[in-house]
Amino acid sequence: EIIGNIRLKKFMPVYLFQGEESYFIDQLTNELIKYALDDSERDFNQIIFYGMETDVASIINACRRYPMMAERQLVIVKEAQGMKGKNNDIEDLIHYLKHPLSSTVLVINYKNGKLDGRKKLSAEIAKIGITYESKKLYENQIPSFITTYLQDKQITIDPKASQLLTDYLGNDLSKLTNELDKLRILLPPNQRRVTPEIIESNIGISKDFNNFELLKAIAAKDVVRANRIAFYFVQNPKTNPLVVTLTVLFNFFTNLMICQYQPDKSKTNLMHVLGLRFDFQIADYQTALKNYKPVKAMNNISLIREYDAKGKGAGNSSASDGQLLIELIYKLMH
């Protein structure tokens, strides 16, 4: 909705983009940069401040000046969370927002947190402008994000390929979209679908030796297969860091416990409870339900936490990440 109004040139006096996910904050700010001014107007009517390098007085002075040979001016405050101190409190922007100029569009980027909603500045922005909180997506929301992002560019993706990217890249949307843009460029001519094979050849994630396949082996208690994948991880530590594998394993066994205590263990209900979209995503949980009792799942969660601590040096002076992984995988299945 915000982007639609920006593209229709329906601007508000002030925009506050805040929250933990910087990707959406940057996307909205870039839309305003693109549509608020023409290229010929930008040099004289676009001002960008950085919170750590500016003060409230300078921002207010810029907002109160009139545009030069243009209908409006754009004032952007990036990294506004860096504005701290007795004489540089971002709350003092209230003095301008009580009487804003109709020809100024003020954009405030407040990353890794948000303004105190109990104070006057937040209330004033909500009254006269737009406030948007950019929240981190959960891991189970990332495959849908990948699918939608590529669909907007007329490209489809194999569900297993989107899960591969999720396991490998996590929920850092800036990093994720950067890799997706690379894949778009590297797609063979006349191919508009991303497959596991394309990811393997262009990003370096093996379609056979990855966290997705490791989970499948552990769920089935396939000891031989799980160890083959673990040894591959040991030989390729840069593309298979321990911390990522531990996160995937932790999420899996946490979700497995949720499944174990569901009265209705039908595929439809479990997919609904876990927020899954594709049949293949629930298959490993259905397999694991047959192979792991609730007590074992709980013990495995404790083991993963223990080995996460060991990977960070707690109670471990000599074991490598690879040794820790192989030892952990054995304990998870026995």
Side-chain angles (χ1 to χ4, degrees), residues 1-116 119-134 149 152-153 173-174 177-178 181:
E1 182 181 356
I2 296 170
I3 288 174
N5 284 327
I6 290 171
R7 291 179 178 178
L8 291 172
K9 295 187 178 292
K10 296 179 180 178
F11 300 109
M12 303 297 286
V14 58
Y15 294 85
L16 171 62
F17 302 140
Q18 59 185 349
E20 298 295 332
E21 179 51 73
S22 62
Y23 173 78
F24 296 117
I25 293 173
D26 292 338
Q27 288 292 102
L28 288 166
T29 302
N30 289 338
E31 288 289 319
L32 282 161
I33 289 172
K34 182 177 180 181
Y35 288 95
L37 298 167
D38 295 335
D39 289 342
S40 60
E41 300 170 335
R42 203 163 281 125
D43 286 345
F44 295 106
N45 297 291
Q46 179 174 293
I47 305 169
I48 298 178
F49 294 100
Y50 290 87
M52 292 286 289
E53 302 169 3
T54 191
D55 55 73
V56 172
S58 297
I59 296 170
I60 291 176
N61 287 336
C63 288
R64 283 179 173 162
R65 78 181 187 99
Y66 290 94
M68 294 181 63
M69 296 177 289
E71 184 179 346
R72 69 185 65 85
Q73 66 163 346
L74 180 65
V75 178
I76 301 170
V77 185
K78 294 189 174 184
E79 310 292 343
Q81 70 278 5
M83 296 176 64
K84 296 176 181 177
K86 185 176 180 181
N87 298 316
N88 195 31
D89 189 343
I90 191 171
E91 288 292 324
D92 289 337
L93 283 175
I94 190 74
H95 300 303
Y96 166 73
L97 293 177
K98 285 288 186 181
H99 305 285
L101 283 187
S102 60
S103 57
T104 293
V105 176
L106 172 61
V107 184
I108 302 169
N109 288 179
Y110 197 101
K111 296 182 177 180
N112 305 313
K114 57 182 183 178
L115 288 179
D116 188 339
K119 295 189 175 181
K120 293 181 179 179
L121 182 60
S122 291
E124 192 63 34
I125 293 173
K127 189 192 304 182
I128 67 168
I130 294 288
T131 297
Y132 174 79
E133 183 180 353
S134 182
Y149 184 84
D152 288 344
K153 293 160 179 58
L173 297 189
S174 297
T177 52
N178 185 49
D181 289 338

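None of the values given here were measured: they were computed from a predicted structure.
No more than 12 heavy-atom neighbours from other residues, nucleotides or ligands sit within 6.0 angstrom of CZ on Phe44. The environment of Lys10 atom NZ is sparse: at most 12 non-hydrogen atoms of other residues, nucleotides or ligands sit within 6.0 angstrom. Environment of CD in Glu71: sparse, with no more than 12 heavy atoms of neighbouring residues, nucleotides or ligands closer than 6.0 Å.
With respect to Thr104, the side-chain hydrogen bond (donor to acceptor under 3.5 Å, both in side chains) criterion is satisfied by exactly one of Arg65, Arg72, Arg64, Gln73: Gln73.
By the 4.0 Å N-to-carboxylate-O rule, Lys34 lies too far from Glu31 to be salt-bridged with it. Taking a cutoff of 4.0 Å between a charged side-chain nitrogen and a carboxylate oxygen, Lys114 and Glu133 qualify as a salt bridge. Salt-bridge check for Lys111 with Asp26: passed, with a basic side-chain N closer than 4.0 Å to an acidic carboxylate O.
A pairwise comparison of heavy atoms in Ile90 and Leu121 identifies O-CD2, 3.3 Å as the closest pair. In terms of heavy atoms, Gln46 sits closest to Ile33 at OE1-CG2, 3.7 Å.
A donor-acceptor distance shorter than 3.5 angstrom exists from the side chain of Asn45 to the backbone of Met68, with no hydrogens or angles considered. A donor-acceptor pair under 3.5 Å is formed between the side chain of Thr177 and the backbone N or O of Ser174. A donor-acceptor distance shorter than 3.5 angstrom exists from the side chain of Lys9 to the backbone of Tyr35, with no hydrogens or angles considered.
In this structure, a donor-acceptor pair under 3.5 Å is present between the side chains of Asp55 and Ser58. Using a 3.5 Å distance cut-off with no hydrogens or angles, the side chains of Asn109 and Thr29 do pair a donor with an acceptor.
The cationic atom of Lys153 (NZ for Lys, CZ for Arg) lies less than 6.0 Å from the six-membered ring centre of Tyr149 and within 45° of the ring axis.
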- Message: Apply side-chain contact (heavy atoms from CB on, under 4.5 Å) to residues Ile6 and Tyr15 and explain how you reach the verdict.
- Response: CA-CA 11 Å; Ile6 290 171; Tyr15 294 85; 4.3 Å; yes
